[in-house]
2 protein chains.
Amino acid sequence: MFFQFKEQLPHLAKYWDAFMAMHQRIEVPAKTILLAEGEVSKQSFLIEKGCLRVWFNNNGKDTTFQFFFENEGLSSLESFRKNIPGMFSIETVEPCVLHVLQKKDFDRMMEELEQQPAVLKEMINVMMERQLHYMKEFLSFIRDSPQERYLNLLMQKPKLIQRVPQHYIASYLGITSVHLSRIKNKILKEKQV
Amino acid sequence: MFFQFKEQLPHLAKYWDAFMAMHQRIEVPAKTILLAEGEVSKQSFLIEKGCLRVWFNNNGKDTTFQFFFENEGLSSLESFRKNIPGMFSIETVEPCVLHVLQKKDFDRMMEELEQQPAVLKEMINVMMERQLHYMKEFLSFIRDSPQERYLNLLMQKPKLIQRVPQHYIASYLGITSVHLSRIKNKILKEKQV
DNA sequence: TTGATTTGATAACATATGTTATCGTCCACA
DNA sequence: TGTGGACGATAACATATGTTATCAAATCAA
């Protein structure tokens with residue numbers, strides 16, 4: 001099932017079934033926009049099958065910010081938590097099977113959860129891991145060249161490379177699809193030598 | 001004093017004096033290394049006066065990851081919380097007046113704080129803001145050119161530009177100091193037109 | 001004060017990356 | 001079963017950025 005960390009997060013795990021029961025299961029085709037940039041997010045998503053991307057309009061250019069796959073969950077965090085317009089669109093890359101949670105249900109559950117220190121403590125750990133994730137993404141941009149970032153992606157998330165169209169990956173790496181194509185070609189030649 | 005958010009975080013604020021009392025006040029000259037990359041972090045810092053930078057050795061190149069100024073606090077988060085070797089060095093840029101907290105004292109205080117849901121809830125908010133901070137830094141690297149990032153810095157943190165040597169800023173922006181010099185020159189010329 | 005170190009600017013050249021355009025392939029779908 | 005669009009490769013050219021070296025000014029230490 002979705003929740004990968006039941007062992008490390010025993011208190012959160014107790015609520016998992018109730019949490020899941022609040023979700024609605026939906027099937028959506030590829031290229032479906034689940035949340036449009038500038039809207040206030042009222043839903044969060046869990047992915048049973050398929051792939052989503054989070055992107056934004058950057059002066060007319062479609063720029064991907066993050067990808068999500070099976071057994072991962074997401075929302076437009078700032079928008080969802082603060083009820084403000086979000087900076088990103090959320091869109092399916094492949095046909096997907098999703099579980100959708102309405103914010104009002106999330107808030108109702110939070111009212112109960114936030115009474116319990118043990119649960120909150122685990123939520124802090126989850127948030128710390130997310131913070132470290134973005135910190136490391138940021139770090140990688142300062143430290144690595146586009147070619148290195150592509151090679152990292154190839155090592156760490158080979159499925160992403162296979163399943164996601166190249167121009168989405170390119171914008172995620174901060175480069176153009178032309179340049180990504182060149183990088184792939186260069187890597188190929190280096191392998192052959 | 002240090003704690004800027006007393007109004008938004010009333011429960012945390014109640015513990016502020018006790019928290020501060022655990023710190024030791026120290027004065028250190030510029031270019032003092034407070035924590036070396038690869039060490040396990042046993043201390044966190046609050047800055048009364050001066051400026052720190054967090055950096056790492058990137059194949060022999062000194063690369064700055066983040067700056068901190070008056071009224072800000074920091075630690076090598078992952079190392080401090082998980083007792084593992086840190087990825088970063090922490091170093092003073094200017095002569096500083098700091099308040100140092102030992103991890104064992106931090107842990108002792110946490111034992112009390114983590115009993116209290118209201119406090120934990122505020123800590124979750126603090127962590128969410130930090131997560132958003134790194135998310136936005138990451139976003140800016142995908143979205144903006146080095147020149148745009150420099151202009152953003154100039155708008156949002158003019159003091160940083162004034163106080164920090166240019167080669168530190170350059171590596172923080174992900175470019176060389178030569179290129180940053182060119183960018184400054186270009187901006188100057190554009191202004192004159 | 002003087003000498004050494006740090007800092008910043010700049011030039012010349014090399015490499016990386018973007019832009020635009022063209023072409024071939026593949027695939028969803030009418 | 002065509003067929004238009006999505007996808008990816010590539011070329012040619014323009015621009016951005018890195019590398020190395022040199023010089024001047026500012027700063028720091030003896």
Side-chain angles (χ1 to χ4, degrees), chain A residues 28-33 50-51 53 55 58-64 67 91-96 141-151 153-154 160-192, chain B residues 28-33 50-51 53 55 58-64 67 91-96 141-151 153-154 160-192:
Chain A
V28 291
K31 300 205 178 188
T32 305
I33 293 193
C51 166
R53 72 188 184 103
W55 64 278
N58 180 20
N59 287 104
K61 285 179 194 165
D62 172 324
T63 304
T64 297
F67 296 104
E91 183 179 341
T92 56
V93 174
E94 304 168 347
C96 288
F141 263 83
I142 294 187
R143 185 187 52 199
D144 303 326
S145 68
Q147 175 164 341
E148 287 168 324
R149 289 203 302 284
Y150 177 73
L151 286 171
L153 212 55
L154 210 53
L160 193 157
I161 308 281
Q162 291 158 16
R163 290 167 61 178
V164 176
Q166 187 161 310
H167 56 286
Y168 293 158
I169 297 175
S171 73
Y172 173 69
L173 292 173
I175 60 178
T176 61
S177 62
V178 174
H179 188 50
L180 179 50
S181 196
R182 279 193 287 237
I183 286 175
K184 285 170 73 173
N185 188 278
K186 192 179 164 197
I187 291 171
L188 238 169
K189 282 180 186 165
E190 284 171 1
K191 267 190 181 174
Q192 293 171 347
Chain B
V28 290
K31 301 204 178 190
T32 305
I33 293 192
C51 166
R53 71 187 183 103
W55 63 279
N58 180 20
N59 289 101
K61 284 179 195 165
D62 172 324
T63 303
T64 297
F67 296 103
E91 183 179 342
T92 56
V93 174
E94 304 168 346
C96 287
F141 262 84
I142 293 187
R143 186 185 52 200
D144 304 325
S145 68
Q147 176 165 340
E148 286 168 326
R149 290 203 303 282
Y150 177 73
L151 286 170
L153 211 56
L154 209 54
L160 192 158
I161 308 281
Q162 291 158 17
R163 290 166 64 176
V164 175
Q166 186 161 310
H167 56 286
Y168 294 156
I169 298 174
S171 72
Y172 173 70
L173 292 173
I175 59 177
T176 62
S177 62
V178 174
H179 189 50
L180 178 51
S181 196
R182 279 193 287 236
I183 286 174
K184 287 171 73 173
N185 188 278
K186 191 179 165 196
I187 292 171
L188 239 170
K189 283 180 184 166
E190 283 170 2
K191 266 192 182 173
Q192 292 171 348

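Just so we're on the same page: letters track the sequence lines, and every chain starts at 1.
- Comparing atom distances between the Pro146(B) side chain and each of dC7(D), dG8(D), dT17(D) picks out dT17(D) as nearest.
- Asp62(B) places its CG atom 14 Å from the C1' atom of dT6(C), with the value rounded to the nearest Å.
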What's touching nucleotides 23-30 of chain D from the protein side, N or O pairs under 3.5 Å?
none

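- Here salt bridge (charged side-chain N to carboxylate O under 4.0 Å, His left out) pairs that include residues 163-180 of chain A, with residues two or more places apart or in two chains, are Glu70(A)-Arg163(A), Glu94(A)-Arg163(A).
- Taking only side-chain nitrogens and oxygens, Lys184(B) comes nearer than 4.0 Å to OP1 or OP2 of dA9(C).
- Side-chain atoms of Arg182(B) stay outside donor-acceptor range of the base of dG8(C), with no qualifying N/O pair under 3.5 Å.
- Protein atom NZ of Lys189(A) is 10 Å distant from nucleotide atom C1' of dT10(D), rounded to whole Å.
- Dashed line: the shortest gap from a side-chain N or O of His167(A) to OP1 or OP2 of dA6(D) is not under 4.0 Å.
- OP1 and OP2 of dT6(C) both lie 4.0 Å or more from every side-chain N or O belonging to Gln166(B).
- Using a 4.0 Å cut-off on heavy atoms, the residues of residues 168-181 of chain B that approach DNA chain C are Val178(B), Ser181(B), listed by number.
- Contact check, Asn185(B) against dT10(C): a side-chain N or O comes under 4.0 Å of OP1 or OP2.
- Not counting sequence neighbours, the partners of Asp62(B) by the side-chain hydrogen bond (donor to acceptor under 3.5 Å, both in side chains) test are Arg53(B).
- Put simply, Lys186(A) has no side-chain N or O that comes within less than 4.0 Å of OP1 or OP2 on dT10(D).
- Annotation: the terminal axes of the helix from dT1(C)-dA30(D) to dA30(C)-dT1(D) meet at 50°, where each axis is the rotation carrying the C1' atoms of four end pairs onto the next four (5 pairs per end, rounded to 10°).
- Interatomic distance, NZ of Lys186(A) versus NE2 of His179(A), reported as 8.0 Å (0.5 Å rounding).
- Rounded to an integer number of Å, the gap from OH of Tyr150(B) to P of dG8(C) is 10 Å.
- A donor-acceptor pair under 3.5 Å links the side-chain atoms of Ser171(B) to the main chain of Thr64(B), judged by distance alone.
- Within the 3.5 Å criterion, the main-chain N or O of Thr92(A) finds no donor-acceptor partner in the side chain of Thr32(A).
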Would you tabulate the pairs of protein nitrogen or oxygen atoms and nucleotide nitrogen or oxygen atoms of nucleotides 28-30 of chain C closer than 3.5 angstrom?
none

